[in-house]
Engineer: 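Before anything else, here's the structure in question.
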There are 2 protein chains.
Amino acid sequence: MTPNRPTMNDVARTAGVSLKTVSRVVNGETTVAPELAARVHAAVESLDYRPHLGASMLRRNDRRTRTIGVLLDDVSHPFSAALHRAVEDQARAGGIHVLTGSLDRDPVREKALTAAFAERQTDGLILAPSGAELDPHEMPVVYVDRVPTGATGDTVVSTNVSGAAGAVRHLIAHGHRRIGFLGGDRHLSTARDRYAGYQRALGRRAGPAVHDLHDPTDAERAAVSMLRTADPPTALFTTQSMVTIGVVRALRRLGREHSVALVGFDDFPLADLLDPPVTVVAQDPARMGRTAATALFERIDGHDGPPREIRIPTTLIARGSGEL
Amino acid sequence: MTPNRPTMNDVARTAGVSLKTVSRVVNGETTVAPELAARVHAAVESLDYRPHLGASMLRRNDRRTRTIGVLLDDVSHPFSAALHRAVEDQARAGGIHVLTGSLDRDPVREKALTAAFAERQTDGLILAPSGAELDPHEMPVVYVDRVPTGATGDTVVSTNVSGAAGAVRHLIAHGHRRIGFLGGDRHLSTARDRYAGYQRALGRRAGPAVHDLHDPTDAERAAVSMLRTADPPTALFTTQSMVTIGVVRALRRLGREHSVALVGFDDFPLADLLDPPVTVVAQDPARMGRTAATALFERIDGHDGPPREIRIPTTLIARGSGEL
DNA sequence: GTGAAAGCGCTAACAC
DNA sequence: GTGTTAGCGCTTTCAC
């Protein structure tokens, strides 16, 4: 057997003091005689003692684990990854640690992971909701990217409707009248809101639309079909970067990248190096992550106001593909 | 005050059984009369009881938290993010959860986070080491991406030397004799190994080299200077994707993207859509993550063989930029 | 099959 | 200032 990790009792014995004195020193209380404190520190060093956070939190009055959960669509997706990193940075400033999970928009997995995090006593949750939430997560939750239906909690989302409308108006301003829409999962508020923005900008002249696209492959296929119809759109609006990328591939394949305009919602790395460079409505995932983390920490610290719906502005970045 | 979460005691009282019977039911032991078990289940439902993992693990014989730590350079970097995701998927299969952190190659942060994870009793660690490790992490550690000096533990790395040598030989095969090198932090085995591969392929005809580059901005500047020297290289080899991207920008800026060849170590999204498409030595971060997770779980389960150094093969993907 | 008592590592409350 | 006792929520051990 490996030797067990030393406990406070071991430290107390080697330092020749009581358990409680060790506890005081370890927790930085100042009401300990310097000489005793020194002996405790020496014992901690020599035994390589590390406090057991689980045990201390079990007895402590403020039952905090100083750990939060972050549940996003896919930690390897650039948007989720940037948001995750920003949460982590914000958390580090407060000595908070982060449990992560990818949900792939699967409500079953969402339920399993929120339950598992609750068993681990996370202090709160940042969650990209799968759709309808039933609430009792038994801890503060801040929703990101999408507004859940039925749940109460702070929400941090992009200005999806106005961002999408702005993108489409940009295309209209460049002379386009027939504008195709390629979007994601309509169960989610994000896709619905961006479609609403598209419709608002076009009024009753809305063009062909394909929904429920997830990955570049689906999107490429959908775009090719759309452009091969009898009266094809002269411009396309896409609602997420994975769809945008698929559409870029489709346009290349058809040799139409310089004749069909494109604006995508959500920026992505290297969009500016493509030919033509891709015009996007950029979100600010880092700011979303920081904002969500800040809101969550306020809730954990007892803030008890009504649910807040925080909208993070988007920015249209004209690079070329939207100005054809 | 918010009502406290129910405990096993509360469940026992509502079900009219002893605490221990609840414990048995919750842990799925079969030695409980069906009728009692049913009453317990009903009480669990009605109180919305959730076991307290920290408390159970405190008393349990196999002191497992079923949580591991994953510490990488930057969870928002595509390579780290893909590796992270693969670890998560492998962990999920075993009901294991993941604490994450970005180290930015900072040994201070590495020390702080490994200590914090140890206090949280993680069962093991997957770590991209900052350099020299002092070992006692008090738990199994699998190193990824880089080989640490001075530590013992399984390591999962790409075939860096042969991958780099292959890339350079590819350039030589396309007629290049003067090949520049742009690489990362020489404190780390990754950069050193890739430089060794470069040197091995070129023998004494090694070209100009710039080291310790991290981000695209630095790399762009370095590449511009290198190409403006008296006897500039006709081809470039870069050792990481962020450097490769900076070099692509430099070549564009100088209008040399079709005259100076480029092969980069580590693939990146959209490399195939650039002009010219970028030839790379692709790593397999997903496989690295799966392999590291598998190795770690074996160690956690008591496997006690000598440290293993597992090499994941790389693949040269010729796309155009390396065949000029 | 079920339950009572002890104790995991630590902190709270209260004595000295 | 320091130590003692009790107990956080749970599992173990062992008695019934």
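Order of the sequence lines sets the chain letters (A, B, ...), proteins ahead of strands, with each chain counted from 1.
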Engineer: Less than 4.5 Å apart, any side-chain heavy atom of Leu113(B) and any of Leu99(B)?
Structural biologist: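 Of all side-chain heavy-atom pairs linking Leu99(B) with Leu113(B), none is under 4.5 Å.
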Engineer: Carefully, step by step, assess Arg308(A) and Asp154(A) under the rule salt bridge (Lys or Arg N to Asp or Glu O under 4.0 Å).
Structural biologist: CA-CA 5 Å; Arg308(A) 297 170 283 189; Asp154(A) 297 334; 2.8 Å; yes
Engineer: Check the orientation of His84(B) and His84(A). Use parallel for under 30°, tilted for 30 to 60°, and perpendicular for over 60°.
Structural biologist: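 Tilted.
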Engineer: Walk me through it: do Arg105(B) and His187(B) pass the test side chain to side chain donor-acceptor pair (under 3.5 Å)?
Structural biologist: CA-CA 10 Å; Arg105(B) 303 182 309 279; His187(B) 291 121; over 6 Å; no
Engineer: Whole angstroms only, please: what is the CG-C1' distance between Leu53(A) and dT11(C)?
Structural biologist: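 Rounded to the whole Å, the gap is 13 Å.
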Engineer: Atom CD of Glu119(B) to atom C1' of dC10(C): distance rounded to whole Å?
Structural biologist: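 Roughly 13 Å, once rounded to whole Å.
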Engineer: Rounding to an integer number of Å, can you tell me how far Asn61(B) CG sits from dA6(C) P?
Structural biologist: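 Asn61(B) atom CG is separated from dA6(C) atom P by 19 Å.
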Engineer: State, without any angle test, whether Ser76(B) and Asp74(B) hold a side-chain donor-acceptor pair at a distance under 3.5 Å.
Structural biologist: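 Yes.
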Engineer: In this structure, how many angstroms lie between the P atom of dA12(C) and the CZ atom of Arg63(A), rounded?
Structural biologist: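 It works out to 11 Å between those atoms.
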Engineer: Looking at the side chain of Leu36(B), which of dG3(C), dA12(C), dT2(C) is the nearest nucleotide?
Structural biologist: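 The answer is dT2(C).
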Engineer: Could you list where the contact with chain B starts and ends along DNA chain D, reading 5' to 3', using a 4.0 Å heavy-atom cut-off?
Structural biologist: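 With heavy atoms of chain B under 4.0 Å away, the range is dG9(D) to dT12(D).
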Engineer: Using heavy atoms and a sub-4.0 Å distance, could you list which residues of residues 19-34 of chain B are near DNA chain C? By number, please.
Structural biologist: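 Output list: Lys20(B), Thr21(B), Arg24(B), Thr31(B), Val32(B), Ala33(B).
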Engineer: Report the distance from atom CE of Met8(A) to atom P of dA12(C), rounded to the nearest whole Å.
Structural biologist: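 Result: 11 Å.
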Engineer: Ignoring backbone atoms, test whether Arg59(B) places a side-chain nitrogen or oxygen under 4.0 Å from the OP1 or OP2 oxygen of dG7(C).
Structural biologist: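 Negative; the distance criterion is not met.
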Engineer: Please walk me through it: do Arg85(B) and Asp104(A) pass salt bridge (Lys or Arg N to Asp or Glu O under 4.0 Å)?
Structural biologist: CA-CA 11 Å; Arg85(B) 174 65 204 250; Asp104(A) 293 330; 2.7 Å; yes
